[in-house]
Colleague: 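First the structure, which I've put down as structure tokens, then a few questions once you've had a look.
These values consider heavy atoms only, across backbone and side chains, with no hydrogens, waters or symmetry-generated copies. All residue numbers in this chain count up from 1 along the given sequence.
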Amino acid sequence: MSRDQRMAANWALLHARARAAERGVPLAVVFCLTPGFPGATLRAYDFMLRGLEALEARLAAAQIPFFLLAGEPTETLAAFVRKEKIGAVVTDFDPLKIKRRWKAKLAEVLPVAFTEVDTHNVVPAWLASPKLEYGAYTLRPKIHKLLDEFLTDFPALQPQTTAWPRSVQRVDWNRVREGLKGDTSVGPVPTWTPGEAGGARTLGLFLSRKLE
């Protein structure tokens, strides 16, 4: 889990859950934290980590363990896959160049299947258009042609019934925050509520009070 840090409405997570169920093996969610992500501020890290902490609790309620890894993504994730004897890896789509480089390297070193799922867009980016578009007016008709196929309801994420083979310790979030190396000149905003629940509330307020 990288770009789409949520449990609900997440096609990548749903796909991974379905594949695990087919094989009769447990599913885990892994997030790789890069302590010095380019341009990241303490405000961004604080907001993200508070959202991930809430996500960990939601996943635990569905019996899905959450692992927070720290380090260079390619080496760290590959080492985790080997150590835990992971059978397949599913990731969410991200167009950022640095993320694409990480995933390209990871695909070269992983000893198992590596699947990318676009759970950010209604129509997957690679199907919406195979080329660089001049503007929305050239892209929009292509997306509209595919909406009937892709504009579907999200099924519910079923709780996991196959247990992880070992006990999983909850993340020590305070310790994680102490190890960050982001730009401290931009501090956290305590009044902002992170996580998918906070996002849903903010969206609801926008739709009911601010959108005319």
Side-chain angles (χ1 to χ4, degrees), residues 1-37 40 45-94 99 102-117 119 154-182 194-198:
M1 186 175 287
S2 177
R3 185 189 191 188
D4 298 285
Q5 302 164 21
R6 64 180 186 274
M7 183 170 163
N10 189 325
W11 285 121
L13 183 57
L14 288 165
H15 179 68
R17 175 71 183 89
R19 291 191 67 175
E22 289 171 359
R23 299 183 180 195
V25 297
L27 164 73
V29 170
V30 178
F31 185 89
C32 190
L33 178 67
T34 306
F37 191 86
Y45 272 125
D46 175 78
F47 189 81
M48 182 181 71
L49 290 177
R50 286 193 288 141
L52 289 174
E53 186 173 2
L55 174 66
E56 180 191 33
R58 291 199 65 188
L59 288 168
Q63 306 301 316
I64 299 174
F66 175 86
F67 293 92
L68 183 72
L69 309 181
E72 194 279 328
T74 301
E75 296 176 1
T76 305
L77 285 166
F80 179 85
V81 167
R82 291 191 294 268
K83 176 184 175 183
E84 300 290 340
K85 297 181 174 59
I86 302 299
V89 177
V90 176
T91 186
D92 46 25
F93 166 72
D94 196 318
K99 299 284 191 71
W102 287 343
K103 291 177 182 179
K105 291 180 181 178
L106 191 59
E108 293 177 356
V109 299
L110 279 181
V112 298
F114 185 38
T115 304
E116 186 177 45
V117 178
T119 192
F154 288 93
L157 179 69
Q158 298 300 320
Q160 183 153 251
T161 56
T162 305
W164 195 254
R166 62 178 176 84
S167 61
V168 179
Q169 297 294 322
R170 298 293 286 268
V171 177
D172 185 343
W173 295 100
N174 290 330
R175 183 177 180 181
V176 172
R177 292 182 180 92
E178 292 172 357
L180 293 178
K181 300 178 182 179
E196 56 187 310

Colleague: So which heavy atom on V90 is nearest to which on A12, and how close?
Modeller: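 Residues V90 and A12, closest heavy atoms: CG1-O, 3.6 Å.
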Colleague: Is a side-chain donor or acceptor of E196 paired with a backbone partner of A8 at a separation under 3.5 angstrom?
Modeller: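 It does hold such a pair.
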Colleague: So, taking the atom named CG in L77 and the one named CZ in R82, what distance separates them when rounded to the nearest 0.5 Å?
Modeller: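 Atom-to-atom, L77:CG and R82:CZ are 10.5 Å apart.
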Colleague: In the structure I gave you, are the side-chain heavy atoms of L180 and L49 within less than 4.5 Å of one another anywhere?
Modeller: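 The answer is yes, as the side chains (C-beta and beyond) meet within the 4.5 Å cut-off.
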Colleague: May I ask you to decide whether E53 forms a salt bridge with R177, counting only side-chain N to carboxylate O separations under 4.0 Å?
Modeller: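 Salt bridge: yes.
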Colleague: Count the heavy atoms belonging to other residues, nucleotides or ligands that lie under 6.0 Å from CZ of R166, then report whether that count exceeds 12.
Modeller: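 Counting neighbours around CZ of R166, more than 12 heavy atoms of other residues, nucleotides or ligands fall under 6.0 Å, so yes.
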Colleague: What heavy-atom pair brings A88 and R23 nearest, and what distance separates the two atoms?
Modeller: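 In this case the closest contact between A88 and R23 is CB-NH1, 4.1 Å.
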Colleague: For atom CD of E75, is the number of surrounding heavy atoms from other residues, nucleotides or ligands below 6.0 Å larger than 12?
Modeller: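 Atom CD in E75 is not crowded, with 12 or fewer foreign heavy atoms closer than 6.0 Å.
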Colleague: Can any side-chain N or O of D92 pair as donor or acceptor with the backbone N or O of T119 at less than 3.5 Å?
Modeller: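 No: the side chain of D92 does not pair with the backbone of T119.
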Colleague: May I have the step-by-step check of side chain to side chain contact (heavy atoms under 4.5 Å, CB included) for M1 and L55, ending in yes or no?
Modeller: CA-CA 11 Å; M1 186 175 287; L55 174 66; 3.4 Å; yes
Colleague: List the steps, then state whether side chain to side chain contact (heavy atoms under 4.5 Å, CB included) holds for L157 with I64.
Modeller: CA-CA 11 Å; L157 179 69; I64 299 174; 4.0 Å; yes
Colleague: Which heavy-atom pair separates P73 from C32 by the least distance, and what is that distance?
Modeller: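 In terms of heavy atoms, the two residues are closest at CA-SG, 3.6 Å.
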Colleague: Under the 3.5 angstrom rule, does the side chain of D4 hit a backbone N or O of N10 as a donor-acceptor pair?
Modeller: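 No, because the side chain of D4 does not come within donor-acceptor range (under 3.5 Å) of the backbone of N10.
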Colleague: What I'd like to find out is whether the side chain of S2 reaches to under 4.5 Å of the side chain of F93, using heavy atoms alone.
Modeller: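 No. Closest side-chain heavy atoms not under 4.5 Å.
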Colleague: Under 4.5 Å between any side-chain heavy atoms of V112 and V89, yes or no?
Modeller: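 Of all side-chain heavy-atom pairs linking V89 with V112, at least one is under 4.5 Å.
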Colleague: Once you round to the nearest 0.5 Å, how far does CG of D94 lie from NZ of K99?
Modeller: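 Taking CG in D94 and NZ in K99, the distance rounds to 4.0 Å.
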Colleague: Return yes if some donor-acceptor pair links the side-chain N/O of R17 with the main-chain N/O of L27 below 3.5 Å, else return no.
Modeller: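 Not a single qualifying donor-acceptor pair exists.
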Colleague: Report yes if the side chains of L52 and M48 come closer than 4.5 Å at any heavy-atom pair, otherwise no.
Modeller: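 In contact.
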Colleague: So which pairs with a foot in residues 50-73 pass ring pair (Phe, Tyr, Trp, His ring centres under 6.0 Å), sequence neighbours left out?
Modeller: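 Residue pairs with at least one partner in residues 50-73: F67-F80, F67-W164.
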Colleague: Considering all heavy atoms of both residues, which atom of L110 and which atom of A78 are nearest to each other, and what is their separation?
Modeller: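 Taking L110 first and A78 second, the nearest heavy atoms are CD2-CA, 4.1 Å.
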Colleague: Just so I know, are the side chains of L68 and E56 near enough to count as touching, which here means a heavy-atom distance under 4.5 Å?
Modeller: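 L68 does not reach E56 side chain to side chain.
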Colleague: Hey, are the side chains of T34 and W102 touching, using non-hydrogen atoms and a 4.5 Å cut-off?
Modeller: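 Yes, close enough: below the 4.5 Å cut-off.
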Colleague: When rounded to the nearest 0.5 angstrom, what distance separates CG in L14 from CZ in F154?
Modeller: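 CZ of F154 is found 7.5 Å from CG of L14.
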Colleague: May I ask you to decide if P159's main-chain N or O and Q63's side chain share a donor-acceptor pair within less than 3.5 Å?
Modeller: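 Absent.
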